[in-house]
Amino acid sequence: MMTRSIDRLFIGGEFVAPHGTEQLELENPATGDVITRVTLADEVDAARAVAAARAAFEDYSRASLSTRQEYLQRIHDAMARRLDELIDIVGTEFGAPQWFTKFAVQDALGHWRIAKEQVRPETFRYPLGAGTQIVLEPVGVAGLICPWNIGLWFMCVKTSTALAAGCAVVIKPSELSARQNDAMAEIFAEAKLPPGLINVLNGTGDVVGDAITRSPGVDKISFTGSTGVGKRIMRTAADTMKRVTLELGGKSPLIVVDDADSTRAVAFALLVGFQNSGQSCTAATRVLIPASRRDELLAALKAGVEAMKVGPATDPGSAIGPMVSRKQFERVQRYIQTGIEEGARVLTGGPGRPAGLENGNFVRPTVFVDVDAAMTIAREEIFGPVLCVITYTDDADAIRIANDSIYGLHAYVAGTDVARAEGIAARLQAGRVAINGFVDEPRAPFGGFKQSGVGREFGRFGLEAFLEPKAIFTG
Ligand code: NDP
């Protein structure tokens, strides 16, 4: 494949040359070949983008709700026309298996439609008692800072919601998603929106992300990424009292209840444990099993993991793809090594690459057993296909172990008696709990308890995060 150069930013409704000069090379994660050379934005570009968004916000914040709907529809339609191409781009750049990429890109498209549905007059203005009106105004210019684990999806979720609320945006996607970022910028250009309503900057977090977070011209930051960076953003944003929504890391538990059907429970564990090749903040990476059924469940888990095919996005049979970058591959390898050094036993997988996949950033799907809840691999987010199995004695012990984490993004329960599983779910400290499977309800709030974040995305909660309530009293 030819190396593509991306040396343009989308600012003020047009593609412009970056003021920044730093270059970055991106590799195909499945082969290690350099596929993209990207020129990065700097603080000057960030300031131009913020100024363009500020100017656009003046008109857009006063535009009719039907105008907001029309823009959302136009972006939806422009994206729908390029769906197959976007699926290819994500596969090449990010490496996720085809079935997952298709799901993610289609889901991203759906968010433009859902955002449009949310633009209803009664959401933005309603009476409350005699002589009182509640008005929800757009918060202003929103800085949207996204991670790489399907960058395109995060851009769509955050931008669609911000636009539905009446905000103008500056997007700082991950520079590892440069091709996705550029394709989405083309889609925004095709939608013929007012100049500056959406601006897209390829740039690093410590330069462009930080400039946006500091800028007095930005009113709100919506960030998805690691807890460490989230804390830094919250501190920096405090200087200008920006509103922040932070979607951060996780170390989600799956409790397999002692009445669970082992086949169903293991299928669920594989689905939620290895989702997005483990590069998912919601991955169920702590599998809690009852001591009474240990041997049977471990045998089923080992067989299930060993049947999962690791391979490139181009192979339709791949269940687990490569890590996004060499850096991420090495990070996962370090954690596998730490697990071994701390005394956990490898049930399957281990260090290194799977046989026959020596070139890309492929990891052997790994399951650790005899894991103590105090070990590094049981506490820190690995962000790769690595599961830790921890045994428990009874339901109360399982709940205690599940909640013994700084994180609280997601939790999972597998069990036959649904009322009992729901009772366990009620006691878990997590923004979402899935019992026996996934129900894909894109309007349900998404976000974390504890250090998994601040605020929620999706649906009504997500929209309100871009709105500022105002009470008007008429005497
Ligand atoms: P990072 O936190 O490193 O980066 C996320 C984004 O923030 C990137 O665009 C990054 O830019 C930017 N950034 C970095 N430093 C700063 C800064 N000082 N100011 C402003 N922006 C900054 O996460 P990754 O991209 O590596 O993604 C993986 C992490 O994200 C995982 O730990 C995972 O848990 C978390 N995550 C959470 C999700 C959730 O919804 N809760 C979903 C997906 C991921 P740059 O790329 O240049 O560093």
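Both counts, for ligands and for their atoms, begin at 1 and track the order of listing. For the single chain, residues carry numbers from 1 onward in sequence order. Only a predicted model underlies this, so the values are computations on that prediction, with no experimental measurement involved.
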Legend entry - Minimum-distance protein heavy atom relative to atom 39 (C) of ligand 1: Cys281 SG, 3.0 Å
Legend entry - Taking every non-hydrogen atom, the tightest pair across Ile87 and Thr101: O-CG2, 3.6 Å
Inset, instruction - Give a yes/no on ligand 1: does Ser174 have at least one heavy atom closer than 4.0 angstrom to it? - result: yes
Inset, instruction - Look at atom 14 (C) of ligand 1 and say which protein heavy atom is nearest, naming residue and atom and giving the distance to 0.1 Å. - result: Gly205 CA, 3.6 Å
Inset, instruction - On the 0 to 90° scale, with breaks at 30° and 60°, tag the Phe188-Phe10 ring pair as parallel, tilted or perpendicular. - result: tilted
Legend entry - Polar atom proximity, Trp148 to ligand 1 (N or O, under 3.5 Å): yes
Legend entry - N or O pair under 3.5 Å between Thr224 and ligand 1: no
Legend entry - Cationic tip of Arg353 above Phe329 ring, under 6.0 Å, 45° of axis: yes
Inset, instruction - Of all the heavy-atom pairs spanning Gly311 and Pro322, show the shortest one and how long it is. - result: O-CD, 4.1 Å
Legend entry - atom 29 (C) of ligand 1 [closest protein heavy-atom partner, distance rounded to 0.1 Å]: Ser226 N, 3.6 Å
Inset, instruction - Below 4.0 angstrom from a heavy atom of Ile233, which ligand 1 atoms are there? Numbered from 1 as shown, please. - result: 19 (N), 20 (C), 21 (N)
Inset, instruction - For atom 15 (N) of ligand 1, find the nearest protein heavy atom and state the residue, atom name and distance (0.1 Å precision). - result: Val229 CG1, 3.6 Å
Inset, instruction - Starting from atom 37 (C) of ligand 1, find the nearest protein heavy-atom neighbour and note its residue, name and distance. - result: Leu248 O, 3.1 Å
Inset, instruction - Describe, in one word, how the ring planes of Trp153 and His111 are oriented to each other, choosing from parallel (under 30°), tilted (30 to 60°) and perpendicular (over 60°). - result: perpendicular
Inset, instruction - Looking only at distances, please establish whether an N/O atom of ligand 1 is found under 3.5 Å from an N/O atom of Cys146. - result: yes
Inset, instruction - Report yes if Lys172 has an N/O atom closer than 3.5 Å to an N/O atom of ligand 1; otherwise report no. - result: yes
Inset, instruction - Describe, in one word, how the ring planes of Phe103 and Phe100 are oriented to each other, choosing from parallel (under 30°), tilted (30 to 60°) and perpendicular (over 60°). - result: tilted
